[in-house]
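Numbering starts at 1 and runs along the sequence shown. Counting starts at 1 for both ligands and their atoms, in listed order.
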Amino acid sequence: MLNGKNVLLAVTGSIAAYKSALIVREFIKKGANVKVIMTDSSCEFITPLTLSTLSKNPVVKDFVKDLDSGVWNNHVDLGLWADFMLIAPSTANTLAKLVGGNADTFLLATYLSARCPVFVAPAMDLDMFKHPSTQNNLEVLKSRGVMVIQPEYGELASGLEGEGRLAEPENIISFIHDYFLDLASLRGKKILITAGPTYEAIDPVRFIGNHSSGKMGFAIAEIAASRGAEVVLVSGPVSLPSPDNVERIDVTSASDMLEQVSKQYTHCDVVIMAAAVADYAVQQPSASKIKKNTSVFSLELEKTKDILHFLGENKNKQLLIGFALETDNEVENAKKKLKAKNLDAIVLNSLNDKGAGFATDTNQITVIKRNNKMISFELKHKLDVAKDILDVAESML
Ligand SMILES: Cc1cc2nc3c(=O)[nH]c(=O)nc-3n(C[C@H](O)[C@H](O)[C@H](O)COP(=O)(O)O)c2cc1C
């Protein structure tokens, strides 16, 4: 949920400001990009150096960066950059100013400019928190769409005990994670994706394979998981790390892939078959290494069971999407495959297009739907191609 998100963390002058270091670290671990804004008073509790080092970005505190040259920090740009803003810890003072619409600190001006979701995590002594002004301010902020991450009960810096402790960093992160999960477009959907090549054994040492790197299928799995889907990725032999929040099943041959795919198929909402599965396998692989005794050597191959065809025949509720990598008569061949295999859509990529197909980080696709409607996309990074494919799938669900 948080991978790749632009996070604007604003830190104010609470004794709990030291916990902002842990919050930054957690966001970075989750793959987010973090920029930190600090108030003057927060710098008395934790240094900008700590937060800039952890966030890998300079901390912003003032409107003007350099008085002599007139270089300034752009609160509007920063507000627009953010996918969400988190004010943690938020003092009673800053809460009141957020409500009042004050803009006398860089933090406040950025808050007023931000169009993204805003979360506040208050931290203060129990009586400050209970005070009608603070409670009223929180209600006003909520009514304006700001999400309040409630402080926790416990021992406070004053020595008193009560509600007011900044929520623990992991609870703050999971609150935000759950917020985005609720918005996720594929939440509650199960998606099965295949990727990579298959290897068909000739003997214990050699195999028949192909050039598929698995990058396209892995990109689709990554994006589907980031949209909240439950993703199962059945992958042939590739050297790619598993995307986050994806159940990965590694297989070798076409028959292994068929076995794993059919186990998962019944409960899936969407199936995207991006793997380059062997059409033929060696009829009788040798149990021992074949010696080079003859000048000519031939192998008997037999057709593998067609996984897409099998899935098309046994479809109940699934949206079934196949891939066609063609070298000639591309559209015509893809349309034939779409129909013959009872697919809902087919993703066509042509080896004739520069930057498309195997091993590259980019791809250029045309999606052909069951009704023969075609949507062509430009050459893009495979992660962006994955978004296009999933957008089409979502529109068909
Ligand atoms: C040691 C110390 C701890 C403080 N802790 C808090 C706190 O946890 N919450 C709070 O609302 N104010 C706290 N304050 C008061 C704020 O620092 C003060 O209201 C300040 O003006 C807040 O400025 P800011 O909101 O611009 O960061 C504390 C002050 C001191 C000296």
Side-chain angles (χ1 to χ4, degrees), residues 7-24 34-52 54-55 57-65 72-73 75 78-79 82 84-114 118-142 144 146-173 175:
V7 181
L8 195 52
L9 174 66
V11 183
T12 69
S14 153
I15 188 70
Y18 74 94
K19 289 190 184 169
S20 61
L22 303 173
I23 297 173
V24 173
V34 183
K35 292 188 181 175
V36 178
I37 300 177
M38 296 180 76
T39 60
D40 278 341
S41 125
S42 71
C43 300
E44 289 167 12
F45 296 90
I46 184 166
T47 67
L49 189 60
T50 304
L51 296 181
S52 67
L54 291 173
S55 67
N57 276 310
V59 163
V60 194
K61 193 167 70 68
D62 302 307
F63 287 100
V64 180
K65 214 185 228 170
W72 58 293
N73 289 313
H75 53 283
L78 204 51
F84 66 90
M85 182 175 185
L86 166 66
I87 308 176
S90 178
T91 56
N93 175 57
T94 291
L95 288 178
K97 287 181 162 186
L98 295 174
V99 170
N102 295 31
D104 59 354
T105 64
F106 188 80
L107 183 159
L108 295 165
T110 309
Y111 164 73
L112 290 177
S113 311
V118 178
F119 302 84
V120 292
M124 61 201 69
D125 211 45
L126 76 164
D127 293 309
M128 288 175 86
F129 182 64
K130 267 199 303 206
H131 196 281
S133 306
T134 306
Q135 288 302 317
N136 189 48
N137 288 337
L138 288 171
E139 285 311 311
V140 174
L141 288 175
K142 279 188 204 164
R144 294 177 186 165
V146 173
M147 268 81 56
V148 176
I149 305 173
Q150 281 297 113
E152 293 172 7
Y153 186 96
E155 196 186 328
L156 301 160
S158 61
L160 298 172
E161 195 173 300
E163 199 180 2
R165 279 166 68 97
L166 178 69
E168 287 304 320
E170 64 265 29
N171 295 342
I172 293 179
I173 306 282
F175 183 100

Protein contact of atom 5 (N) of ligand 1 - nearest heavy atom, named by residue and atom, plus distance
Ile15 N, 3.3 Å
Met128 heavy atoms within 4.0 Å reach ligand 1 at atoms 10 (C), 11 (O), 12 (N)
Is the side chain of Asn57 donor-acceptor paired with the backbone N or O of Val34 at a distance under 3.5 Å, no angle test?
yes
Are any of the N or O atoms of Thr39 closer than 3.5 Å to those of ligand 1?
yes
Of all the atoms in ligand 1, which lie at a distance below 4.0 Å from a heavy atom belonging to Ala92?
10 (C), 11 (O)
Regarding ligand 1, does Thr94 bring an N or O atom to under 3.5 Å of one of the ligand's N or O atoms?
yes
Is there a donor-acceptor pair under 3.5 Å between the side chain of Thr134 and the backbone N or O of Met128?
yes
Expected output: side-chain Thr94 to main-chain Thr91 donor-acceptor under 3.5 Å
no
Shortest protein heavy-atom distance from atom 22 (C) of ligand 1, along with the residue and atom involved
Ser41 OG, 3.5 Å
Where is the nearest protein heavy atom to atom 31 (C) of ligand 1: which residue, which atom, and how far?
Phe45 CZ, 4.4 Å
of all protein heavy atoms, closest to atom 24 (P) of ligand 1 is Asn93 ND2, 3.4 Å
With distance as the sole test, does Glu152 use its side chain to make a donor-acceptor pair with the main-chain N or O of Glu168 at under 3.5 Å?
yes
Ligand-residue contact atoms, ligand 1 with Ala123, heavy atoms, under 4.0 Å
7 (C), 8 (O), 9 (N), 10 (C), 11 (O)
Using modelled atom types and a 3.5 Å cut-off, is there a donor and acceptor pairing between side-chain atoms of Thr110 and backbone atoms of Gly79?
no
Under a 3.5 Å distance rule, please check whether Arg165 uses its side chain to pair with a backbone N or O of Glu155 as donor and acceptor.
yes
Heavy atoms of the protein only: does one fall short of 4.0 Å from atom 20 (C) of ligand 1?
yes
State, to 0.1 Å, how close Phe63 and Thr105 come at their nearest heavy-atom pair, and which atoms those are.
CZ-O, 3.4 Å
Suppose we measure from atom 15 (C) of ligand 1 to each protein heavy atom; which comes out shortest, and what is that distance?
Gly13 O, 4.0 Å
Test side chain to side chain contact (heavy atoms under 4.5 Å, CB included) applied to Ile149 and Leu86, Asn171, Val120, the passing residue:
Leu86
Output yes when Lys130 and Glu163 qualify as a salt bridge under the 4.0 Å nitrogen-oxygen rule, no when they do not.
no
Looking only at atom types and distance, does a side-chain atom of Asn73 sit under 3.5 Å from a main-chain N or O of Asp62, one as donor and one as acceptor?
yes
Of the listed options Leu98, Thr91, Val11, Asp40, closest to atom 12 (N) of ligand 1 (non-hydrogen atoms)
Thr91
For Ser90, is at least one N or O under 3.5 Å away from an N or O on ligand 1?
no
Examine Ala16 against ligand 1 and note whether any of their N/O atoms are separated by less than 3.5 Å.
no
When you compare ligand 1 with Ser14, is there at least one nitrogen or oxygen pair between them that comes in under 3.5 angstrom?
yes
